[in-house]
Amino acid sequence: MVLSASSSGRAISVSESVVRAVVPPEQTHWFSFEILNDDQADLRLALRIVDWLESEDGVTAILPPGTHARSAAPRMTLSDTEVTLLPGESAAITISATLDPAADGTYWAGCLVQEIVDSGAQDGPSMAVRRQLLVRLMYTTPNARGTARVVRVWSSGSNPITIHAEVENDGTAVLDVITSLFTAEDTEGRTVFESSSPSISLLPGFSAEISTPAPWTTDDSGTFLVRAVIDFGGDVLVAGQIVLRLQPLLLVPIGTHDAIPRDLDGDGWYEDVDGSGAFDFADIDVLSELLDDPGVVRNLRAFDFDNDGRITPLDVTGLLHQLGENRSQT
Amino acid sequence: MTRRRLFRSSRWVWIGCLLTAFLAAGSVAAIQRSVTVQAHWRVLPYQVLQFVDTDDDASAAVYIIREPTARDWEKGSMEDEYAFRLRVVSNTSWKLQVTRPSAAQVAVEIRGHGSRYAPLTQDGLVVAAGANGSYEIGIDIRIPLGQDSVPVGEPLNLVFTLMSL
């Protein structure tokens with residue numbers, strides 16, 4: 001993906017891609033936007049009101065109208081359901097929405113602008129490609145309540161450690177800008193870590209996970225108060241906190257070997273499991289045979305090669321992967 | 001300098017001072033009478049989704065799947081980098097996702113150029129996202145070659161959807 005400045009080709013443009021309006025119940029909100037055909041050929045477009053919901057993997061599911069409890073779609077109308085635009089021509093589309101008398105909070109839907117393509121018959125196998133744009137529409141009643149809470153804070157991984165916070169919009173209004181600040185203090189109250197995350201928006205009834213990488217390496221140890229402070233745009237901040245205890249490594253020879261494991265490249269993982277001074281297949285063998293050795297279990301952070309926070313056979317796979325990468329580089 | 005001349009010159013000084021004071025007072029009054037106008041405007045979050053034609057004769061709406069080569073069969077897949085080029089212009093944060101409207105079709109993997117391939121499904125896949133600006137996005141296609149070989153008959157359908165974040 002590259003930033004681009006030129007504009008040759010065929011384009012569909014919408015003058016407004018997201019609308020946020022305050023609408024009292026039973027009052028009708030009117031909204032118009034323009035669609036421009038910047039193609040060199042006629043453009044046929046179908047328009048329809050749809051619902052949309054965000055999934056955890058970041059994909060927006062486009063759904064039939066009235067799919068979810070806060071759908072505005074059943075009380076919306078569209079001025080046109082199909083338009084044909086000549087090259088350079090534009091059309092104004094008007095959408096009206098009237099919220100239910102008992103409406104409280106944010107209700108949303110979308111207008112899907114779909115290109116109608118006649119791909120025709122092809123001699124061989126082919127793909128027909130269609131473009132569409134989703135204009136998001138969000139209507140919020142004046143009495144809507146904007147609140148959020150931190151459901152939980154937790155850490156994951158060993159090297160690197162990641163701090164997570166789950167934030168829930170437990171109010172009735174959409175929260176357009178939620179910012180977060182992660183901090184950690186040591187036992188003497190000194191701030192040892194501070195990190196902010198990009199802002200997110202959150203629809204009512206939904207939650208999101210915000211995370212940030214922590215600075216600690218496997219050589220660090222101590223007890224830390226880790227806090228996630230969330231600013232959702234209200235009069236108060238909400239926060240959650242945990243105590244993170246990082247045990248110091250107490251490395252001992254694994255199994256019957258004489259030398260202690262070593263971190264040969266300073267990446268925080270102790271790949272030289274047998275302490276021979278070299279990273280080779282012998283280390284893979286030792287780890288796979290002695291995964292439950294107290295010297296491994298006690299020093300989880302040194303041997304958590306798949307960084308899942310546990311010692312499992314997958315750490316042997318992770319170590320093997322590191323060996324493969326190591327050999328390909330040398 | 002005679003006393004009369006001194007009087008005349010000091011009179012002019014006094015007149016000058018009075019005029020200055022008068023003008024200054026007028027200016028103060030003018031300032032007090034002025035109106036502060038606040039102009040508000042909102043930049044609308046517009047978006048543009050464009051096919052970038054790479055060949056004047058080719059239709060960007062239809063992608064012809066080429067015949068697999070011996071090397072494709074050897075690799076087990078047929079890959080075409082930059083099968084499509086799309087341009088997104090947006091003055092707000094955006095994402096572009098791709099879906100296939102129907103399920104009963106041959107497996108296709110897709111990616112925004114430079115990212116990882118993922119199966120093209122009905123649930124959809126985000127192939128690119130960005131902040132405000134103008135972006136050109138290359139779309140790569142990979143078709144695993146197996147017992148089903150490549151699709152024939154009805155074309156595969158791909159739908160690219162652009163939206164604000």
Side-chain angles (χ1 to χ4, degrees), chain A residues 1-20 33-36 38-41 50 52 54-55 57-62 110-136 138 198-201, chain B residues 44-53 59-67 83-92 94-95 97 99 101 106 108 112-115 123-126 128-130 133-139 141 150-153 155-165:
Chain A
M1 189 168 72
V2 290
L3 273 169
S4 154
S6 64
S7 62
S8 66
R10 311 178 319 121
I12 308 172
S13 307
V14 292
S15 63
E16 206 159 346
S17 60
V18 58
V19 176
R20 294 179 175 88
F33 69 101
E34 292 219 347
I35 308 171
L36 171 67
D38 225 355
D39 282 6
Q40 292 170 348
V50 293
W52 52 267
E54 303 295 346
S55 63
D57 55 4
V59 173
T60 300
I62 295 169
C111 177
L112 196 62
V113 180
Q114 295 177 297
E115 180 182 27
I116 301 171
V117 175
D118 179 16
S119 54
Q122 302 296 325
D123 294 337
S126 61
M127 289 186 196
V129 186
R130 193 152 47 85
R131 292 168 292 176
Q132 60 187 25
L133 293 98
L134 178 68
V135 178
R136 297 182 194 260
M138 284 177 261
S199 69
I200 60 165
S201 66
Chain B
L44 299 177
Y46 73 88
Q47 286 184 330
V48 180
L49 181 55
Q50 182 178 31
F51 278 128
V52 181
D53 295 337
S59 166
V62 178
Y63 168 72
I64 308 294
I65 300 171
R66 62 177 170 79
E67 285 291 316
F84 318 104
R85 287 174 193 265
L86 293 154
R87 182 172 289 119
V88 169
V89 184
S90 177
N91 64 351
T92 184
W94 58 273
K95 69 178 174 184
Q97 64 186 46
T99 52
V106 169
V108 173
H113 188 72
S115 57
D123 292 338
L125 172 73
V126 176
S134 175
Y135 298 82
E136 189 171 310
I137 301 145
I139 302 293
I141 298 280
V150 291
V152 291
L156 297 172
N157 285 301
L158 268 72
V159 181
F160 287 97
T161 309
L162 175 65
M163 65 195 81
S164 289
L165 284 179

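Chain A is the first sequence line, chain B the second, and so forth, proteins listed ahead of strands; every chain is numbered from 1. Hydrogens, waters and symmetry mates are skipped; everything else that's a heavy atom, side chains included, is used.
- For B:Leu125, the part lying under 4.5 angstrom from a heavy atom of chain A is the backbone only.
- Nearest heavy-atom pair across B:Val126 and A:Gly58 is CG2-O, 3.5 Å.
- For B:Thr92, the side chain to side chain contact (heavy atoms under 4.5 Å, CB included) partners at least two apart in sequence or on another chain are A:Ser17, B:Pro45, B:Gln47, B:Ser90, B:Ser164.
- Contact annotation: the side chain of A:Arg130 never approaches that of B:Asn157 to less than 4.5 Å [non-hydrogen atoms, C-beta and beyond].
- The two residues B:Asp123 and A:Val59 have their closest heavy-atom pair at O-CG1, 3.2 Å.
- When heavy atoms are compared at a cutoff of 4.5 Å, B:Val108 approaches chain A solely by way of its side chain, counted from C-beta outward.
- One N or O on the side chain of B:Gln97 and one on the backbone of A:Thr60 form a donor-acceptor pair closer than 3.5 Å.
- Taking A:Glu54 as the reference, A:Arg136, B:Lys95 meet the salt bridge (charged side-chain N to carboxylate O under 4.0 Å, His left out) condition, with sequence neighbours excluded.
- Between atom CD of residue A:Glu115 and atom CZ of residue B:Phe51 there is a gap of 5.5 Å, rounded to the nearest 0.5 Å.
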Side chain to side chain contact (heavy atoms under 4.5 Å, CB included) between A:Ile62 and B:Thr161, worked out: CA-CA 10 Å; A:Ile62 295 169; B:Thr161 309; 4.0 Å; yes
